[in-house]
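Just below is one structure, and these are the notes that go with it.
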Amino acid sequence: MNAKLILFLFLLSACSAPQQAEEKNAKRIITAGGTITEIVHELGFGDFIIATDITSTYPSGMQNLPSIGYRNQIKSEGILSLSPDLILAETDYFTPDVVAQLKATGLKVLFFEKPKTVEGTFTLIEELAEFLEVPEKGLKIKQKIKEQLAGLNQYLADRNQEAKPTALFIMARGEDMIFVGGDDTFASSIIELAGLRPTAVGFKDFIPLTPEALAKFNPDYILLFDSGLASLGGKTGLTKIRGMEQTLAFQKDQILAFDGLLLSGFGPRVAEVALELAKNAYHD
């Protein structure tokens with residue numbers, strides 16, 4: 001084989017490699033979990049997502065895609081009717097029966113832990129970037145978050161951290177379903193990341209909120225999803241929660257509501273929402 005032919009074959013191989021990698025990754029993807037959807041989109045695979053679940057609200061274009069539903073409401077038939085090549089989902093997002101039915105067809109289903117800390121955010125980005133074979137894009141996303149976190153930390157360093165405002169996250173789904181987030185939840189993590197002090201401590205996960213507990217917590221700020229606040233009828237609807245009118249947060253009109261995915265997702269925008277929360281609490 002002469003030198004010119006060897007050079008031609010080398011150049012041909014070099015040119016086709018990126019195309020082959022793109023073709024390998026260009027699959028019909030279904031995502032289940034708003035944070036996974038957001039990261040997959042950020043990694044450059046948004047155009048390959050053919051359907052999502054109802055928590056995948058960002059970017060807004062994802063809401064125009066077919067929805068597979070939400071957690072235990074999801075059926076394998078609905079997913080299979082969309083002819084996906086790959087499913088990327090939060091751990092335990094589907095029922096065991098649905099998982100078994102999907103895998104029985106030979107469909108590739110991968111699960112990832114939903115983050116509730118910044119460390120978990122970085123881990124999820126790394127895992128998805130490695131799987132999709134774009135580790136360099138994952139590094140860029142992580143670097144951007146780190147720069148934003150540095151800005152957040154500088155902002156907090158310029159404030160009085162000895163007297164941190166206190167905050168309580170309330171999850172509302174109408175006046176009959178009111179819960180409060182305790183230790184080891186996204187709620188405590190985002191509150192602390194924003195330089196505030198959570199008042200709901202000493203228990204884990206989410207528990208029903210009682211008037212006695214609300215009086216004990218008595219936070220400076222009450223934090224909700226905007227959808228949760230709307231389910232109560234807005235700020236005035238908070239009076240439907242017994243004991244609310246006696247809290248400092250209500251009396252000072254220090255009620256903060258954020259988009260659910262933005263606040264709880266711990267995705268690429270985690271530092272942005274933490275800074276916004278901090279600025280609201282420190283009155284900037």
Side-chain angles (χ1 to χ4, degrees), residues 33-39 42 55 57-58 90-91 112-128 138-172 179-207 217-229 248-249 254-284:
T35 305
I36 289 177
T37 302
E38 186 172 345
I39 293 173
E42 283 290 307
T55 72
T57 58
Y58 185 88
E90 291 177 3
T91 301
F112 302 85
E113 289 292 332
K114 180 180 179 180
K116 54 185 179 181
T117 64
V118 172
E119 291 75 18
T121 303
F122 290 150
T123 297
L124 180 55
I125 291 170
E126 290 170 3
E127 290 175 346
L128 286 168
L139 289 174
K140 288 182 180 179
I141 296 173
K142 287 174 56 181
Q143 183 57 37
K144 180 180 178 181
I145 296 173
K146 289 178 180 179
E147 291 171 358
Q148 292 172 333
L149 288 172
L152 168 65
N153 291 333
Q154 183 58 58
Y155 172 84
L156 293 174
D158 295 335
R159 269 73 193 166
N160 180 13
Q161 291 293 288
E162 293 183 1
K164 293 183 178 180
T166 59
L168 175 71
F169 175 78
I170 293 177
M171 180 176 288
F179 300 88
V180 60
D183 299 326
D184 297 329
T185 63
F186 79 82
S188 62
S189 293
I190 199 67
I191 288 171
E192 291 175 348
L193 186 63
L196 312 180
R197 182 167 59 85
T199 58
V201 295
F203 64 93
K204 294 184 179 182
D205 207 359
F206 287 83
I207 63 171
F217 297 142
N218 195 21
D220 297 313
Y221 289 87
I222 287 176
L223 186 59
L224 305 101
F225 293 153
D226 50 13
S227 59
L229 185 59
L248 289 173
Q254 294 183 158
I255 311 298
L256 304 176
F258 291 84
D259 173 78
L261 177 59
L262 176 63
L263 187 67
S264 68
F266 273 83
R269 298 174 293 159
V270 60
E272 296 177 32
V273 70
L275 180 58
E276 186 178 350
L277 176 55
K279 287 183 175 180
N280 274 280
Y282 287 94
H283 301 290
D284 286 345

Minimal non-hydrogen separation, [X] against [Y], with atom names:
X: Leu168; Y: Pro219; result: CB-CG, 3.6 Å
X: Pro165; Y: Ala281; result: CG-O, 4.1 Å
X: Pro268; Y: Ile39; result: CD-CG1, 3.8 Å
X: Ala274; Y: Ala194; result: O-CB, 3.4 Å
X: Leu193; Y: Leu156; result: O-CD1, 3.8 Å
X: Ser189; Y: Thr117; result: OG-CG2, 3.8 Å

[Y] and [X], any side-chain heavy atoms less than 4.5 Å apart:
X: Phe186; Y: Lys114; result: no
X: Ile190; Y: Phe258; result: no
X: Thr185; Y: Phe206; result: yes

Query raised in the report: Should the heavy atoms of other residues, nucleotides or ligands under 6.0 Å from CZ of Arg197 be counted, would the total exceed 12?
Result: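 12 or below, so no.
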**Report entry** Pair Gln154-Asp158, side-chain donor/acceptor within less than 3.5 Å
**Finding:**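 Present: a donor and an acceptor within the cut-off.
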Report task. Look at the rings of Tyr221 and His283 and say which category their plane angle falls in: under 30° parallel, 30 to 60° tilted, over 60° perpendicular. Result ->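 It falls in the tilted class, 30° to 60°.
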Query raised in the report: How are the rings of Phe217 and Phe203 set to each other: parallel, tilted or perpendicular (split at 30° and 60°)?
Result: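 Ring orientation of Phe217 relative to Phe203: tilted.
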Requested in this report: Give the C-alpha distance, both sets of side-chain angles, the deciding distance and a yes or no for side-chain contact (heavy atoms from CB on, under 4.5 Å) between Asp205 and Asp184.
Outcome: CA-CA 7 Å; Asp205 207 359; Asp184 297 329; over 6 Å; no
Nearest 0.5 Å, what's the [atom1]-[atom2] distance between [X] and [Y]?
X: Gln254; Y: Leu248; atom1: CD; atom2: CG; value: 8.0 Å
X: Phe112; Y: Thr91; atom1: CZ; atom2: OG1; value: 8.5 Å
X: Thr121; Y: Arg269; atom1: OG1; atom2: CZ; value: 12.0 Å
X: Asp183; Y: Glu192; atom1: CG; atom2: CD; value: 8.0 Å
X: Glu272; Y: Leu152; atom1: CD; atom2: CG; value: 11.5 Å
X: Thr35; Y: Lys116; atom1: OG1; atom2: NZ; value: 13.0 Å

**Report entry** CA sep, side-chain torsions, deciding dist, call: Leu196, Tyr282, side-chain contact (heavy atoms from CB on, under 4.5 Å)
**Finding:** CA-CA 9 Å; Leu196 312 180; Tyr282 287 94; 3.9 Å; yes
Query raised in the report: What's the verdict on side-chain contact (heavy atoms from CB on, under 4.5 Å) for Leu223 and Leu263, showing C-alpha distance, side-chain angles and the deciding distance?
Result: CA-CA 10 Å; Leu223 186 59; Leu263 187 67; 3.9 Å; yes
Query raised in the report: For Glu126 and Lys142, what are the C-alpha separation, side-chain angles and deciding distance, and is it a side-chain contact (heavy atoms from CB on, under 4.5 Å)?
Result: CA-CA 9 Å; Glu126 290 170 3; Lys142 287 174 56 181; 2.3 Å; yes
Query raised in the report: For the side chain of Thr166 and the backbone of Asp220, is there at least one donor-acceptor N/O pair under 3.5 Å apart?
Result: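 A pair under 3.5 Å: yes.
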